[in-house]
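Structure first, then comments.
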Amino acid sequence: SGPVNINPNDVVSPSVSGLTATGTYVFKLTVTDNDGATASDTMSITVNPALTQCSDGIDNSDAEDTLVDSADPGCWTNPNDSSTYNAGDNDETNPADVCPNDTGIQTNTSQCTTTTTNTGGGGGGGRSRPDCSDNKDNDNDKLADELDPGCHSDGNANNPDSYDKNDRNERNGEVLGAETSCGIYVEKYLRVGYNNNVEAVRKVQTFLNNYMNAGLKVDGVYGLRTEAAVNAFQLARKDNVLTPWGITAPTGIFYITTQTEVNNIMCPPLDIPIPSNLINFYPGAIT
């Protein structure tokens with residue numbers, strides 16, 4: 001059954017091709033031995049719709065912004081309104097989600113000027129905009145204005161109510177690694193399909209929401225959306241996370257170097273070195 005015709009002329013190795021239409025195909029194979037005995041089994045093959053750049057869980061052509069799918073303004077019809085997210089958009093850079101003069105710096109604001117000039121009161125000199133409304137990345141974290149946790153009073157970039165456009169220091173209010181006394185943030189390894197530590201997953205999801213604007217539900221489930229956010233983080237911090245392994249593609253596994261990078265971000269004084277003798281992931285690492 002399904003939108004396909006099959007004519008398996010090769011009874012030894014029957015095959016089927018042309019499964020291009022979206023849907024579920026069910027195939028039944030019957031085998032007859034030399035004594036005439038028969039046995040049958042069925043197999044279902046589901047063809048899913050092709051994913052677009054704005055629904056594939058990957059930071060595509062604008063990888064420098066470390067934002068994925070619904071978190072990327074390039075996937076919004078209106079780059080200033082996250083409610084206009086369009087999963088069918090196949091170009092994360094369309095509409096443009098960066099200011100022309102600030103390539104790679106993410107901002108939701110509609111103005112892309114960096115300063116305003118105050119000409120009143122006798123024609124005095126120009127006055128700079130506050131760090132949190134100048135469309136510039138002032139603390140070199142590839143985030144600007146309301147997308148920067150440092151411009152939120154609670155350090156949560158996903159809370160529009162805490163955004164302070166008059167804040168003159170993007171580092172003020174930033175909670176990532178800002179504690180005067182801190183330690184290891186997460187000590188577990190995590191991977192999709194394993195019996196992961198729920199509390200550790202929640203910590204990672206909270207971190208990704210604050211640091212990557214991932215928009216994850218903090219439910220303690222290391223599912224595909226959390227894995228996609230980890231992929232984006234690994235690409236954003238590839239020099240410390242991927243390069244030590246000699247790879248360029250993200251793995252989605254919250255393992256040695258990824259964990260080390262998160263802990264160093266959350267508590268910079270730790271300055272944990274990357275282990276020199278890296279051991280490939282093994283099932284027993286999940287405890």
Residue set satisfying side chain to side chain contact (heavy atoms under 4.5 Å, CB included) with Leu29, at least two apart, ordered chain then number -> Pro14, Val31

request  = Evaluate the side-chain contact (heavy atoms from CB on, under 4.5 Å) criterion for residues Arg237 and Ile265: first the C-alpha distance (whole Å), next the side-chain angles of each, then the deciding distance (0.1 Å), finally the verdict.
outcome  = CA-CA 11 Å; Arg237 312 289 294 193; Ile265 290 173; 4.0 Å; yes

CE (Met266) and OG1 (Thr206) are apart, to the nearest 0.5 Å, by 9.0 Å

Thr257 meets the side chain to side chain contact (heavy atoms under 4.5 Å, CB included) criterion, sequence neighbours left out, with Val241, Pro244, Trp245, Ile274, Leu278

With a cut-off of 6.0 Å (strictly less than), are more than 12 heavy atoms of other residues, nucleotides or ligands near CZ of Arg225?
-> no

In the structure I gave you, are the side-chain heavy atoms of Tyr189 and Ile256 within less than 4.5 Å of one another anywhere?
yes

Taken to the nearest 0.5 Å, the spacing of Asp271 CG from Asn263 CG works out to 12.5 Å

Does Asp33 reach the main-chain N or O of Ala37 with its side chain, forming a donor-acceptor pair under 3.5 Å? yes

Margin query: Ile253 vs Thr258, test: side-chain contact (heavy atoms from CB on, under 4.5 Å). Steps then yes/no.
Written below: CA-CA 8 Å; Ile253 307 172; Thr258 306; over 6 Å; no

Please confirm whether the backbone N or O of Gly252 pairs with a side-chain atom of Gln234, one donor and one acceptor, at under 3.5 Å?
yes

CG (Asn213) and CD (Glu146) are apart, to the nearest 0.5 Å, by 10.0 Å

So does Thr38 get a backbone contact from the side chain of Thr32, meaning a donor-acceptor N/O pair under 3.5 Å?
no

Item to complete: Report yes if the side chains of Ser70 and Cys75 come closer than 4.5 Å at any heavy-atom pair, otherwise no.
Response: no

Value for CG (Asn277) from CD1 (Ile279), rounded to nearest 0.5 Å, stands at 5.5 Å

Rounded to the nearest 0.5 angstrom, the CG-SG distance for Leu147 and Cys132 is 11.5 Å

Open item on the list: Tell me if the CD atom of Glu199 is crowded by more than 12 foreign heavy atoms within 6.0 Å.
Closed with: yes

>> Using a 3.5 Å distance criterion without hydrogens, assess whether the side chain of Ser133 forms a donor-acceptor pair with backbone atoms of Lys165.
In response: yes

Shortest non-hydrogen pair, Val192 vs Gly223, comes out as CG2-O, 3.7 Å

Next on the checklist: Could you tell me if Glu261 and Asn240 have a donor-acceptor pair between their side chains, going purely by distance under 3.5 Å?
Outcome noted: yes

Shortest non-hydrogen pair, Thr251 vs Asn231, comes out as C-OD1, 3.4 Å

Tightest non-hydrogen contact, residues Ala285 and Tyr255, listed as CB-CE1, 4.0 Å

Checklist entry - Considering residues, nucleotides and ligands other than Asn195, do more than 12 of their heavy atoms fall under 6.0 Å from its CG? => result no

- Query: When clusters are formed by joining ILVMFWY residues with side-chain heavy atoms under 4.5 Å apart, either directly or through shared neighbours, do Val204 and Val198 land in the same one?
  - Reply: no

Review point. Do Phe233 and Ile58 share a hydrophobic cluster, counting only Ile, Leu, Val, Met, Phe, Trp and Tyr and linking them when any side-chain heavy atoms are less than 4.5 Å apart?
Key: no

Review point. Honestly curious: do Leu270 and Val262 fall in one hydrophobic cluster under the side-chain, below-4.5 Å linking rule?
Key: no

Is there side-chain contact between Arg202 and Phe207, with heavy atoms separated by less than 4.5 Å? no

When Tyr282, Phe281, Tyr222 are each screened for ring-ring contact (aromatic ring centres under 6.0 Å, His included) with Tyr194, the one that passes is Phe281

- Ignoring hydrogens and angles, state whether a donor on the side chain of Asp219 or Gln205 is under 3.5 Å from an acceptor on the partner side chain. yes

message = If we ignore hydrogens and angles and just use 3.5 Å, is the side chain of Asn90 paired with the main-chain N or O of Thr52 as donor and acceptor?
response = no

Next on the checklist: Using a 6.0 Å distance limit plus a 45 degree cone around the ring axis, check whether Lys188 lies over the aromatic ring of Phe254.
Outcome noted: no

Between Leu216 and Ala229 the two heavy atoms that sit nearest each other are CD1-CB, 4.0 Å

Donor-acceptor contact below 3.5 Å, side chain Lys203 vs main chain Tyr185
yes

Heavy-atom nearest pair, Val201 first then Asn196, reads CG2-CB, 3.8 Å

Rounding to 0.5 Å, atoms CZ (Arg191) and OG1 (Thr226) come to a distance of 15.0 Å

Can you find a pair of side-chain heavy atoms, one from Asn209 and one from Val218, that are under 4.5 Å apart? yes

What one should report as the nearest heavy-atom pair of Asn86 and Cys54 is O-CB, 3.6 Å

The side chain to side chain contact (heavy atoms under 4.5 Å, CB included) partners of Ala228 (sequence neighbours excluded) come to none

Strictly distance-based, threshold 3.5 Å: is any side-chain N or O of Asn264 a donor or acceptor partner for the main-chain N or O of Ile272?
yes

Flag the pair Leu242 / Thr248 as yes when at least one side-chain heavy-atom distance between them is below 4.5 Å, and no otherwise. no

